[in-house]
Student: 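I'd like to ask some things about the structure below.
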Amino acid sequence: MERATVCKFCSPILLSPRSAVVGKRKHQLSNHTKFKFCYSKFKIQALHSAQTHLSSEVAAEKSQSSTDFAIGELVWPSPSDEIPFWKKDFPSWDVNPEVPVDIKKDSDPMHIIHITAEMAPIAKVGGLGDVVTGLARACLLRGHTVDIMLPFYECIQKQQIEDLELVTTYNSYHDGNWIQTNAYHGVVSGISVIFIEPSNQFFKGQNLYGGSYNELEAYLFFSRASLEWMQMTGAQPDIIHVHEWQTGALPLLYWDMYHYLSLKKPRLVLTIHNMEHYGECTKEQLSKSGLDGFIYATVEKAVDDRTIGHNPERLSLLKGGIVYSNAVVTVSPTYLKETLCTGWLASTLIRNRDKYFGILNGIDTAMWNPATDIFLPAKFNAQNPEGKKLCKYYVQRGLGLASEGILDGNHVPDMTHKVPLVVCITRLVPQKGLHLISHAIKRVEELGAQMVILGKTSDGRVEREFEGLAKLHNQGPSIRILLMFSEELSHMLYAAADIVLVPSMFEPCGLAQMIGMRYGAVPVVRKTGGLADTVFDMDDQSNHEMANGFVFEGIDEGSLDSALDRALAHYRQKPDEWNGIVQKVMELDNSWNNTAGKYIEVYNSVRVRL
């Protein structure tokens, strides 16, 4: 090891005329029946701005550009370390510093409850968790009351939840039985969270997904249990915001069951984060929620159009959610256009076009901030970028991509900095362009650059393929393939990267390119979905002001080569221009504040006042 000093949250089944299932339940409440909503008392770091291109952090940094980051003692890592550098102990993440930032409060605040399968950082697999947390925090900052309802997965690390307490014990229906269910309240990243914990096997296991229970039935249970909890506690939010197929049945349950009971005020908004996942469901499975699944097997409701005429026909929870929600949002304007033109759900979306919106995701600039990131060995910003070089060398040293020679203090060897580092952080699924990722490994190596891939897959074939690539390359000087997910390492890799690669076949929005830019990594992306809405080619003279990366359109290796070659050449041959691009992309405002305003407009367009 070497050391150097460096700059660093009912009633019996009653039935609508459209769906009839009769049942009884034993309604038992524990002594924890009183639930007090706690929202506004949480102070959140307000790192957002209504400016189009310049975030408030950057504005503040420009006024204090001479401020140095705190000095600390850095221990240079080595691949031979017993504990990998990304698994060391880190300080607690504080998203509530006393930072006086003027966020304009909305004049007509409302109560929003998100029902979701994921929430960052405690229950995250992909971008869904980041989006839920970022949007919730942004709405809190604008003066709204926000809760998140989440399954209490067995694998959640409870120490990441503040003030966790059991608030309610109640029963919720599933498959002819009333399941005793606990509701806990806690605070995560300053956000009020209700955790739903059934007493059966649902949500047990070491991972969010892939447990031994039936996932579809578990999320059907969770959707009803969330509504049951609202009815039992008297909660009447203005908006119930559901996400993805996992909670697609909730709008059906709301309008055909709970709206006939006590839930009168809420209106439903569905966000589709990825149209690839439909929530395929049999009529019998939906019936386990207490609805009559057979009455939804029509084109106008929830039948999976691809199975019409088949035996048996199937349902789609996502389609049902589209039909029964008051508003439907997808996560970028370009992806909205694409989904209206392709895919079997296009006809359903066209029929519901008047309530379908495309709103580009933002990123959580409190969680993703290189100037305050607890996982980084050195902190930096657009005006004070030196820490990025140290982050790059730190990662290179820790992964064995740089020699372990003796260093002169905090001086980073020039030769190390001259080798461009390409980073690809992704789920290893076909959507993400697996053949292009594999090809990029070879191309980067041919061009004398370095590449780190961080990702995992549940597909055995893909896993074997990338394990083979890892065995071939991981002992060499240029490539590291890490088949896992690590929140800590992802932060470090974004900070270390010169280039972030996102070669997706389709990409509803994409967060990697926006996070990468926030950390000074220039994006190389395929022109699709949200990537087309956020990255603009450096060589497009007609759009020079927006230019911030390197873009290709084809799905072949040659198209990727064209963009990757241009990016690497630019890095090496035009260092001053490259540094200008880095500063430019770090100053772009992709925060949730602007995006949250558009969601608030959608919420207001459907809310009712009783």
Side-chain angles (χ1 to χ4, degrees), residues 9 35 37-39 42 95 111-137 139-140 145-170 172 179 181-211 213 215-230 232-233 235 237 239-250 253 266 268-271 273 279 321 364 367 487:
F9 186 183
F35 179 77
F37 291 104
C38 307
Y39 326 94
F42 304 117
V95 293
H111 180 194
I112 305 149
I113 297 183
H114 292 269
I115 317 291
T116 177
E118 296 186 25
M119 178 193 182
I122 60 168
K124 172 184 169 181
V125 171
L128 169 60
D130 290 307
V131 170
V132 171
T133 300
L135 178 57
R137 179 179 288 115
C139 290
L140 273 170
T145 296
V146 183
D147 294 285
I148 292 174
M149 298 191 73
L150 184 73
F152 207 164
Y153 298 101
E154 185 179 43
C155 62
I156 286 178
Q157 297 182 17
K158 295 179 177 62
Q159 66 269 26
Q160 294 184 319
I161 308 170
E162 297 178 24
D163 303 324
L164 181 65
E165 62 175 335
L166 176 67
V167 293
T168 315
T169 295
Y170 65 107
S172 192
I179 309 300
T181 303
N182 291 328
Y184 295 82
H185 177 258
V187 180
V188 177
S189 300
I191 304 166
S192 170
V193 184
I194 307 301
F195 297 92
I196 301 301
E197 181 186 58
S199 58
N200 60 11
Q201 77 278 14
F202 291 159
F203 309 117
K204 301 293 192 294
Q206 298 308 304
N207 298 292
L208 260 64
Y209 304 128
Y213 55 89
E215 282 189 351
L216 186 139
E217 293 185 15
Y219 289 115
L220 285 172
F221 171 86
F222 171 64
S223 295
R224 176 156 182 176
S226 296
L227 291 171
E228 188 72 27
W229 181 86
M230 291 182 209
M232 191 210 48
T233 59
I239 299 295
I240 299 174
H241 192 152
V242 301
H243 298 265
E244 292 287 65
W245 71 267
Q246 289 97 332
T247 51
L250 190 144
L253 285 157
L268 283 295
V269 175
L270 164 68
T271 292
H273 300 259
D364 189 332
M367 285 288 188
E487 185 75 16

Student: Give the C-alpha distance, both sets of side-chain angles, the deciding distance and a yes or no for side chain to side chain contact (heavy atoms under 4.5 Å, CB included) between D163 and E165.
Tutor: CA-CA 6 Å; D163 303 324; E165 62 175 335; over 6 Å; no

Student: For L227 and I240, run side chain to side chain contact (heavy atoms under 4.5 Å, CB included): C-alpha distance rounded to whole Å, both residues' side-chain angles, the deciding distance at 0.1 Å, then the answer.
Tutor: CA-CA 10 Å; L227 291 171; I240 299 174; 4.0 Å; yes

Student: Would you check if the distance from the ring center of F202 to the ring center of Y153 is below 6.0 Å?
Tutor: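 No, the ring centres sit 6.0 Å or more apart.
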
Student: Quick check for you: to the nearest 0.5 Å, what is the distance between L166 atom CG and N182 atom CG?
Tutor: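 Going from the CG atom of L166 to the CG atom of N182 covers 5.0 Å.
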
Student: Do you know which two heavy atoms are closest between V188 and P121, and how far apart they sit?
Tutor: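 Nearest heavy atoms, V188 then P121: CG1-CD, 4.0 Å.
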
Student: How long is the gap from OG1 on T271 to CG on L135, to the nearest 0.5 Å?
Tutor: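 Answer for the OG1-CG pair, T271 versus L135, is 7.5 Å.
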
Student: Would you call I239 and P266 a side-chain contact if the rule is heavy atoms closer than 4.5 Å?
Tutor: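 A side-chain contact under 4.5 Å is absent here.
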
Student: Quick one: does any side-chain atom of E244 pair with a main-chain N or O of H273 as donor and acceptor, under 3.5 Å?
Tutor: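 A pair under 3.5 Å: yes.
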
Student: Before you tell me yes or no, could you show the steps for H243 and V132 under side chain to side chain contact (heavy atoms under 4.5 Å, CB included), namely the whole-Å CA-CA distance, both residues' side-chain angles and the distance that decides it to 0.1 Å?
Tutor: CA-CA 9 Å; H243 298 265; V132 171; 3.9 Å; yes

Student: Looking only at non-hydrogen atoms, find the nearest pair between A117 and L208 and report the distance.
Tutor: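 Between these two residues, the closest heavy atoms are O-CD2, 4.2 Å.
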
Student: Mind checking the OG1-CD1 spacing from T145 to I112? Nearest 0.5 Å is all I need.
Tutor: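 The OG1 atom of T145 sits 8.0 Å away from the CD1 atom of I112.
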
Student: Determine yes or no for a side-chain-to-main-chain donor-acceptor pair under 3.5 angstrom, with Q157 supplying the side chain and I122 the backbone.
Tutor: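 No, because the side chain of Q157 does not come within donor-acceptor range (under 3.5 Å) of the backbone of I122.
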
Student: Restricting to non-hydrogen atoms, name the atom on L250 and the atom on S226 that form the minimum distance, rounded to 0.1 Å.
Tutor: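 Shortest heavy-atom contact: CD1-CB, 4.4 Å.
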
Student: Nearest 0.5 Å, please: how far is CG in L164 from NE2 in H185?
Tutor: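 The NE2 atom of H185 sits 9.5 Å away from the CG atom of L164.
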
Student: Looking only at heavy atoms, which two atoms of Y170 and A225 are closest? And how far apart?
Tutor: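 Residues Y170 and A225, closest heavy atoms: OH-O, 2.9 Å.
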
Student: Within a 6.0 Å radius of atom CD on Q159, are there more than 12 heavy atoms belonging to other residues, nucleotides or ligands?
Tutor: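 More than 12 heavy atoms, drawn from other residues, nucleotides or ligands, come within 6.0 Å of this atom.
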
Student: With no hydrogens and no angle check, is any side-chain donor or acceptor of S223 less than 3.5 Å from a backbone partner on F221?
Tutor: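 Flag not set: sc S223 to bb F221 has no pair under 3.5 Å.
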
Student: Can you check whether K124 reaches D130 side chain to side chain, under 4.5 Å on heavy atoms?
Tutor: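 The answer is yes; the side chains approach within 4.5 Å.
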
Student: Backbone N or O of G205 within a donor-acceptor pair of the E154 side chain at under 3.5 Å?
Tutor: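 Yes.
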
Student: Give a yes or no answer on whether the side chain of S189 reaches the backbone of I191 with a donor-acceptor pair at less than 3.5 Å.
Tutor: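 No: the side chain of S189 does not pair with the backbone of I191.
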
Student: Under 4.5 Å between any side-chain heavy atoms of V146 and H114, yes or no?
Tutor: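 Side-chain contact under 4.5 Å: yes.
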
Student: Please check: side-chain N/O of S199 versus main-chain N/O of T181, any donor-acceptor pairing under 3.5 Å?
Tutor: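 No, because the side chain of S199 does not come within donor-acceptor range (under 3.5 Å) of the backbone of T181.
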
Student: Can you say whether the rings of Y219 and F222 are parallel (under 30°), tilted (30 to 60°) or perpendicular (over 60°)?
Tutor: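 Y219 vs F222 ring planes: perpendicular.
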
Student: Side-chain contact, heavy-atom cut-off 4.5 Å: I156 with L150?
Tutor: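 Yes; the side chains approach each other to less than 4.5 Å.
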
Student: Set out, in order, the CA-CA distance, both residues' side-chain angles and the distance that settles side chain to side chain contact (heavy atoms under 4.5 Å, CB included) for Y184 and I194, then state yes or no.
Tutor: CA-CA 6 Å; Y184 295 82; I194 307 301; over 6 Å; no

Student: Mind listing the closest non-hydrogen atom pair of L216 and W245 along with its distance?
Tutor: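 Nearest pair, atom of L216 first, then W245: CA-CZ3, 4.2 Å.
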
Student: Ring centroid separation for F152 and F203, is it under 6.0 angstrom?
Tutor: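 F152 vs F203: aromatic centres not under 6.0 Å.
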
Student: Looking at side-chain heavy atoms only, is the closest gap between M230 and I113 below 4.5 Å?
Tutor: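 Yes; the side chains approach each other to less than 4.5 Å.
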
Student: Kindly say whether V125 contributes a backbone atom to a donor-acceptor pair with the side chain of E118 at under 3.5 angstrom?
Tutor: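 Looks like yes, one N/O pair under 3.5 Å.
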
Student: Tell me which one of M149, Q246, H241 satisfies side-chain contact (heavy atoms from CB on, under 4.5 Å) with I115.
Tutor: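 The passing option is M149.
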
